[in-house]
Amino acid sequence: MTDLTQTLARPRARLAGRLKLALCLFAVLAVVPPLAHAAGEPFLIVVATRMMVFAIAALSLDLILGYGAMVSFGHAAYLGLGAYAVAILSRAGIDDLVLQLLAAMAASALFAAVTGAISLRTRGVYFIMITLAFGQMAFFFFVSFSTLGGDDGVALPARSTVLGLPLLEGAQGMFYATLALLVAVFAGLYRLTLSRFGRVLTGTRESALRMQAIGFRPFPYQLTAYVIAGCLCSVAGVLLANQAIYVSPAYMSWHRSGEMIVMLVLGGVGSLTGAMAGALVTIALEEGLARFSDHWRLGFGLVLVAVALFSPGGLSGLLRRLGLVRDAT
Amino acid sequence: MFNLFLLQLLNGAQFGVLLFLVAAGLTLVFGIMDFINLAHGVLYMVGGYVMAMMMGTTGNFWLSLALVLPVTLAVGLVLELLVFRRLYDRSHLDQVLATFGLVLVLSELVRILWGSAPLSVAMPEILSGSVPLAGPMRYPVYRLAVIGVGLGVALSLWFVIARTRVGMLLRAGAANRSMVSALGTDINRLFMLVFAAGAMLAGFAGAIVSPILSVDPGMGDSILILTFVVIVIGGVGSVKGAFCAALLVGIVDTLGRMFGPILLKSLMDPAAAAQAGRTIAPMLVYILMAAVLFWRPAGLFGRAVAR
């Protein structure tokens, strides 16, 4: 009997542990700008902003890949849709961040609903490949969109404003806006994965057949998750465009989609904290190795191969094996 | 107009044949081992670079081409032994992580060894001419030779798969891997063979295309994605499907880029047609793939799988 109560209590304790880890992460991030200024390295603020932008993207992918077992190889398309929403709207004279976010999410929801409905007809390798195909379609659409710079991309006149205020102009404003959105996305996904909807999604991941047997049709749940993930990833795209003040189709190349999967697998699939950690580590590795050598991709690639071969479960798996975290799946 | 069509049709077939050479090995790796290999395009690139290097030292096209085969075979074997072998039983995600890492490593190695600038390879004297096509148009002999060689490889692959003992095991392995293993076949040796042969074919494709296109570090990426499209349209694990889909994709892509804008011009005004044509043409093969998967979720020649 005690065994049973322990089994029942464990997930709750595990979740609380993971939440604590995430809160620690946010607290550390919040003090990055003052510390960077104190250390005389303001460049670190920009790097940390990029990390958080990709953390949002990785979180959104984790909802479908980690919780829904839908391996999308075209998730970067939503990054690009968000970025191009900023470019198109600012060209039309609308440079309010809120409006741009809404437009980006609406466009992404539409794209995700249509492509998701088609993609979800397939399974396994075919799902991976059809999402890749839709990602490439979006990529080539913007590559040949010559009024928006085509292949070369387009520089934005300025960063977006928030309710008329130029809050994003400085590196610090950009940083804290990104942090705020990251916390919001994390909180939303944390609630969502614990809700009834999240439970059904996770159940479908474990066994679609059993979920059907107890009366749930997986498709509406999977499609809804797919649409939500697309919307949230476009938020990262809006931020990425603002951070770089530049938009290009390279944001949605298949390399980016692959990199997002890499982030998740590095951090540990199916854990929101792991997704964020994976994004932070990936960008840190890239930036760190790039400072060290022009041929940083060699080292980065070797790290990825080594993790895949010797550390199943990514960072969470490593921490668990080292005994630093209990049950951090 | 008809001449132009014929010319582009031949170009499409030549591109399709090339895609088939790369896709043939990958579709077997996908189908039999259920293994996602993003690094297959890199082997195509390695073939191109080895060809360029050998041409630089020996100056003889045929000798270089003959040397590319054992070199890419060896690269394939080494990769299989060091990396892929350990990943067959893992999830697709671990496979994506490892092979994505390999793409980065091998592309960067190529950049370190040969630089980022494109290299060119001279055509052999005997194939550098052109033959008259209908009317005043002529067609390069080399491209015709590529089509011929590709069809030859396709025929011999068909023979190996349909008529030999190894081919029988391959087909059985694609259908039910554990059963073949239980019947006493060393499935790991079979995997290694398939993998190495696939690597060699991809390297061969990279080598024979090098006189037509230039050899550069990005060549593997661009062909890899199209190869995926070919494999998925044809049905994972089916060499016959890969062949049909490769020709289909090659011809649709080539004709779409040429005739898409012309067709659209009859529907709308020229400026809009030119823009729309440029936009839609590169998307055509992906639209084709999405359409095929919509009606046949396991591809044209794929078996319905319950995974």
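Chain letters run A, B, ... following the sequence lines, proteins first, then strands; residues in each count from 1.
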Side chain, backbone, both or neither: which part of [X] has a non-hydrogen atom closer than 4.5 Å to chain A?
X: I231(B); result: neither
X: I233(B); result: neither
X: L38(B); result: side chain
X: L97(B); result: both
X: I112(B); result: both

Working to the nearest 0.5 Å, report the span between [atom1] of [X] and [atom2] of [Y].
X: R111(B); Y: D294(A); atom1: CZ; atom2: CG; result: 11.0 Å
X: R90(B); Y: L309(A); atom1: CZ; atom2: CG; result: 6.5 Å
X: D94(B); Y: L304(A); atom1: CG; atom2: CG; result: 11.5 Å
X: I118(A); Y: L293(B); atom1: CD1; atom2: CG; result: 10.0 Å
X: R297(A); Y: L106(B); atom1: CZ; atom2: CG; result: 14.0 Å

- Does R85(B) CZ have over 12 foreign heavy atoms under 6.0 Å away?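 Yes.
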
Q) Taking everything shown except L209(A) itself, do over 12 heavy atoms lie less than 6.0 Å from its CG? A)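 Count not over threshold, so no.
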
Sub-4.5 Å side-chain heavy-atom contact between [X] and [Y]:
X: D221(B); Y: H255(A); result: yes
X: I36(B); Y: F73(A); result: no
X: F228(B); Y: Q136(A); result: no
X: V71(A); Y: H92(B); result: no
X: I261(A); Y: L93(B); result: yes

Kindly give the heavy-atom pair with the smallest separation between V305(A) and L102(B), and that separation in Å.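 Nearest heavy atoms, V305(A) then L102(B): CG2-N, 3.8 Å.
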
Could you check whether any side-chain N or O of Y126(A) sits under 3.5 Å from a backbone N or O of G299(B), counting only pairs where one atom can act as donor and the other as acceptor?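 Answer holds: no.
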
Check: R121(A) side chain, F294(B) main-chain N or O, donor-acceptor pair, under 3.5 Å: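 Looks like yes, one N/O pair under 3.5 Å.
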
Chain B contact via L65(A) - which portion, at a heavy-atom distance below 4.5 Å: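 The side chain, not the backbone.
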
What part of L132(A) lies closer than 4.5 angstrom to a heavy atom of chain B: side chain, backbone, both or neither?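 Only the side chain of L132(A) comes within 4.5 Å of chain B.
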
* Y286(B): which of F141(A), F140(A), W254(A), F134(A) passes ring-ring contact (aromatic ring centres under 6.0 Å, His included) ->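 By the ring-ring contact (aromatic ring centres under 6.0 Å, His included) criterion, Y286(B) pairs with just one of F141(A), F140(A), W254(A), F134(A): F140(A).
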
Note to self: Could you go through V96(B) and I128(A), starting from their C-alpha distance and side-chain angles, then the distance that decides it, and tell me whether this counts as side chain to side chain contact (heavy atoms under 4.5 Å, CB included)?
What the structure shows: CA-CA 11 Å; V96(B) 166; I128(A) 302 180; 5.5 Å; no

